[in-house]
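Inspection log for the structure reproduced underneath, given as structure tokens.
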Amino acid sequence: MKSLGRISRLSQEFFDTDPRNVARALLGKLLVRRTVNGMLVGRVVETEAYLGTGDDAAHAVSGRTARNFVLFGPPGFAYVYFVYGNHYCLNVSCLPDGVPGCVLFRALEPVSGIDEMAKARGIAINGENDLKKLSSGPGRMCEALGITRDRDNNKNLTNAKSDLQLAEDDYCVDRILVTPRIGITKSANEQLRYLIAGNRFVSA
DNA sequence: TACATGATGCCCT
DNA sequence: GGGCATCATGTAG
């Protein structure tokens, strides 16, 4: 397994700001899943911001419901939902308690625990092409890290005790690209998708 | 209680 | 590039 070097957990304050800032700042950070079989680590290479108000594509747009209550809670918590009858999507809540907003994780570059991720995805890794199938796309990413609503929704991602956390190392992002969001019909022209320019693990 | 739909991914052409 | 599986959720009735 590749050595990770020194990493440190992101603080709750990191997420206590506008989703657009958080989506941009999260690029290059690490998503870390602790399992009985070791650490699964991926680098965040693609995110999308979903605003609380004035964003028709955001789940928060119609107010607080049984599904989306995490968006209205304190920053740094996992909002996991089930979509298309098949897939989970992972978001992290932003802004102070009471103010909705979040960032969707769309793609990771696998860093560590690749064998475990491949097992969870039910695929074999033979070449570079297969590596991209591991966690490029919100649904794939959740499957690779075993993220489900039952396990992870409303989990504090900034707590040292959590088995799902966000961290940073000395990685430096070179250039960031901003584009329209993927797979939505409402507010589809808003430039709220952020990705690391030239990274081959972005989803589209 | 019924129904339309979706922040996707896979397989087929 | 296009079709489709599959079901939780929100909204209407």
Side-chain angles (χ1 to χ4, degrees), chain A residues 15 18-24 26-27 31 42 44-73 75-95 100-110 117-127 129-155 157 164 166 177-196 200-204:
Chain A
F15 302 96
D18 189 282
R20 284 165 287 210
N21 300 334
V22 178
R24 188 180 284 272
L26 273 174
L27 293 177
L31 183 60
V44 180
V45 300
E46 179 184 350
T47 58
E48 282 179 3
Y50 285 86
L51 315 182
T53 54
D55 183 356
D56 290 335
H59 286 182
V61 72
S62 49
R64 186 187 179 119
T65 67
R67 175 174 67 157
N68 71 13
F69 70 93
V70 178
L71 299 177
F72 293 78
F77 281 67
Y79 170 50
V80 182
Y81 67 90
F82 191 59
V83 76
Y84 291 118
N86 282 307
H87 308 287
Y88 291 98
C89 290
L90 172 69
N91 303 251
V92 58
S93 61
C94 300
L95 295 164
C102 68
V103 170
L104 168 71
F105 293 88
R106 285 197 57 90
L108 301 178
E109 174 174 347
M117 293 188 204
K119 206 161 140 192
R121 290 272 298 122
I123 61 174
I125 306 293
N126 292 315
N129 264 357
D130 294 332
L131 215 50
K132 187 174 168 173
K133 294 183 198 150
L134 224 43
S135 52
S136 293
R140 292 169 163 183
M141 190 197 87
C142 285
E143 192 173 40
L145 297 194
I147 293 168
T148 66
R149 184 172 189 262
D150 282 352
R151 265 185 83 175
D152 302 302
N153 192 46
N154 204 26
K155 184 172 283 180
L157 301 181
L164 190 62
L166 285 157
L177 232 52
V178 186
T179 79
R181 293 174 293 187
I182 303 285
I184 56 171
T185 54
K186 304 167 194 161
S187 301
N189 50 348
E190 301 287 323
Q191 303 275 312
L192 292 172
R193 172 171 174 254
Y194 301 80
L195 54 97
I196 296 180
R200 41 185 293 270
F201 292 96
V202 300
S203 68

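Each chain gets a letter, A, B and so on, in the order its sequence line appears, and its residues count up from 1. What you are looking at is a predicted structure, and each value in this text was computed from that prediction instead of being measured.
Summarising the geometry, atom CG belonging to A/Leu31 is positioned 6.0 Å from atom CE belonging to A/Met141; distances are rounded to the nearest 0.5 Å. Note that CZ of A/Arg149 and CZ of A/Arg67 are 8.5 Å apart. Values are rounded to the nearest 0.5 Å. Here CG of A/Asn21 is found 8.0 Å from OH of A/Tyr194. Values are rounded to the nearest 0.5 Å. Atom CG of residue A/Leu192 and atom CG of residue A/Leu51 lie 5.5 Å apart, to the nearest 0.5 angstrom.
Residues of residues 51-72 of chain A having a heavy atom closer than 4.0 Å to DNA chain B, listed by number: A/Ala57, A/His59. Only A/Gly137, A/Pro138, A/Gly139, A/Arg140, listed by number, bring a heavy atom of residues 129-140 of chain A to less than 4.0 angstrom from any atom of DNA chain B.
Per the geometry, CZ belonging to A/Arg149 stands 10 Å off P belonging to C/dA8, to the nearest Å. Atom CG in A/Asn153 sits about 15 Å away from atom P in C/dA8, given to the nearest Å.
A/Arg121 comes within 4.0 angstrom of the backbone, heavy atoms only, and of no base.
Residues A/Arg140 and A/Ser135 have side chains that never bring a donor and an acceptor to within less than 3.5 angstrom of each other.
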Taking only N/O atoms, report every protein-nucleotides 2-5 of chain C pair under 3.5 Å with atom names and distance.
from, atom 1, to, atom 2, distance (Å)
C/dA5, N3, A/Asn86, ND2, 3.2

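Residues passing the salt bridge (Lys or Arg N to Asp or Glu O under 4.0 Å) test with A/Arg24, sequence neighbours excluded: none. Judged as a ring-ring contact (aromatic ring centres under 6.0 Å, His included), and not counting sequence neighbours, the contacts of A/Phe82 are A/Tyr88. Every salt bridge (Lys or Arg N to Asp or Glu O under 4.0 Å) that A/Asp152 has, sequence neighbours left out, goes to A/Arg33, A/Lys155. Scored by the salt bridge (Lys or Arg N to Asp or Glu O under 4.0 Å) test, A/Glu190 finds no partners at all (sequence neighbours excluded). A/Lys119 pairs by the salt bridge (Lys or Arg N to Asp or Glu O under 4.0 Å) definition with nothing, not counting sequence neighbours. Applying the side-chain contact (heavy atoms from CB on, under 4.5 Å) rule to A/Leu95 yields the partners A/Pro19, A/Val99; only residues at least two apart in sequence or on another chain are considered.
On the nucleic acid side, DNA chain B has its first and last nucleotide under 4.0 Å of a heavy atom of chain A at B/dG6 to B/dC10, going 5' to 3'.
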So what's the dot-bracket for DNA chain B: Watson-Crick or G-U pairs under 3.5 Å, [ ] if a pair crosses, | if it pairs off-strand?
||||||.|||||.
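Applying the side-chain hydrogen bond (donor to acceptor under 3.5 Å, both in side chains) definition to pairs two or more places apart or across chains, those involving residues 49-65 of chain A are A/Glu48-A/Tyr50, A/Asp55-A/Arg181, A/His59-A/Tyr79, A/Thr65-A/Asn68.
Along DNA chain B, the nucleotide closest to A/Met141 and the one closest to A/Lys186 are compared, and the more 5′ of them pairs with A/Lys186.
Tested against A/Arg193 for a side chain to side chain contact (heavy atoms under 4.5 Å, CB included), the candidates A/Thr179, A/Leu104, A/Leu177 yield a single pass: A/Thr179.
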Start with the C-alpha gap between A/Val45 and A/Leu27, add the side-chain angles, then the distance that decides, and say whether side-chain contact (heavy atoms from CB on, under 4.5 Å) holds.
CA-CA 5 Å; A/Val45 300; A/Leu27 293 177; 5.5 Å; no
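Side chains of A/Leu145 and A/Leu108 form a contact here, defined as non-hydrogen atoms less than 4.5 Å apart.
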